[in-house]
Amino acid sequence: MRHWLMKSEPDEFSFQELRRRGREPWTGVRNYQARNFLRACQVGDIVLFYHSNCEEPGVVGLASVSKPAYPDPTQFDPRSDYHDPKSRREDPRWSCVEVRHLRDFPRVVTLADLRSHPALRGMLILRPGNRLSVTPVTPAEAKAVEALARR
DNA sequence: GCCAACGTTGGC
DNA sequence: GCCAACGTTGGC
């Protein structure tokens, strides 16, 4: 089992929305590195759900991967913001996974919290200019984030 | 709204 | 293959 951090703008898709729906396809990833991470996701992997571009950016709760990577349907949908006319059905360019709501954190683990924790120094999300919407998290980092959530 | 830090595009 | 221009992300 591995851990991942997935970013979403709550205006687009929030953790509260995932809680309501239970499960949701994680679509719209259009970055090759992030896509490769999606393809490495396995059912049961833990997802740290991060809210970005909002009042209080941070990790708000846990989800898990409930379906392994499959072709992201939005790439073939001309009405979608994520439509990619260059992607072919015979050779889909973009993948998505399905994620399932696990549990809310008792409190939001803010960016400042993440930065303050020595064990999280190397966390990819904290690297300047990192814009990947899916990044791997080490078991030690996941543990530290959960500890911050309980603090 | 600003701006730094990227990734992508396309001319050459 | 280089690299400038451009677009996007996301914290602040």
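A quick note: this is a predicted structure, and the numbers were derived from the prediction, not measured.
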Exercise. Calculate the interatomic distance between Leu126(A) atom CG and dG11(C) atom P; express it in whole Å.
Key: 11 Å
Self-check item: Pair Thr110(A)-Asp113(A), side-chain hydrogen bond (donor to acceptor under 3.5 Å, both in side chains): steps then yes or no
Solution: CA-CA 5 Å; Thr110(A) 66; Asp113(A) 291 333; 3.1 Å; yes
Quiz item: Asn130(A) CG to dA4(B) P: how many Å, rounded?
Solution: 18 Å
Exercise. Tell me whether the OP1 or OP2 atom of dT9(B) has a side-chain N or O from Lys86(A) closer than 4.0 Å.
Key: yes
Self-check item: Atom pair distance, as rounded to whole Å: CZ in Arg131(A) and C1' in dG7(B)
Solution: 6 Å
Quiz item: Should Asp77(A) and Arg79(A) count as an ion pair when the cut-off is N to O under 4.0 Å?
Solution: yes
Practice problem: Take atom CD of Gln33(A) and atom P of dG7(B), then tell me their distance rounded to the nearest Å. | Solution: 7 Å
Self-check item: Spacing of Asn53(A) atom CG relative to dG1(B) atom C1', expressed in whole Å
Solution: 12 Å
Practice problem: Please determine if a side-chain N or O atom of Tyr50(A) lies less than 4.0 Å away from the OP1 or OP2 oxygen of dG11(C). | Solution: yes
Self-check item: Nearest listed nucleotide, side chain of Pro128(A), among dG10(C), dA5(B), dG7(B)
Solution: dA5(B)
Quiz item: Is the distance from OP1 or OP2 of dG10(C) to the nearest side-chain N or O of Lys7(A) less than 4.0 Å?
Solution: yes
Practice problem: To the nearest Å, give me how far apart CD (Glu56(A)) and P (dG11(C)) are. | Solution: 12 Å
Quiz item: Are Asp72(A) and Arg93(A) ion-paired here, with the side-chain N under 4.0 Å from a carboxylate O?
Solution: no
Quiz item: Please give, in whole Å, the distance from dA5(B) P to Leu124(A) CG?
Solution: 17 Å
Quiz item: Run the side-chain contact (heavy atoms from CB on, under 4.5 Å) check on Leu5(A) and Phe37(A) step by step: do they pass?
Solution: CA-CA 10 Å; Leu5(A) 184 144; Phe37(A) 287 140; over 6 Å; no
Quiz item: In whole angstrom, what separates Asn31(A)'s CG from dT9(B)'s C1'?
Solution: 15 Å
Quiz item: Considering only dG11(C), dG7(B), dT8(B), which nucleotide approaches the side chain of Tyr32(A) most closely?
Solution: dT8(B)
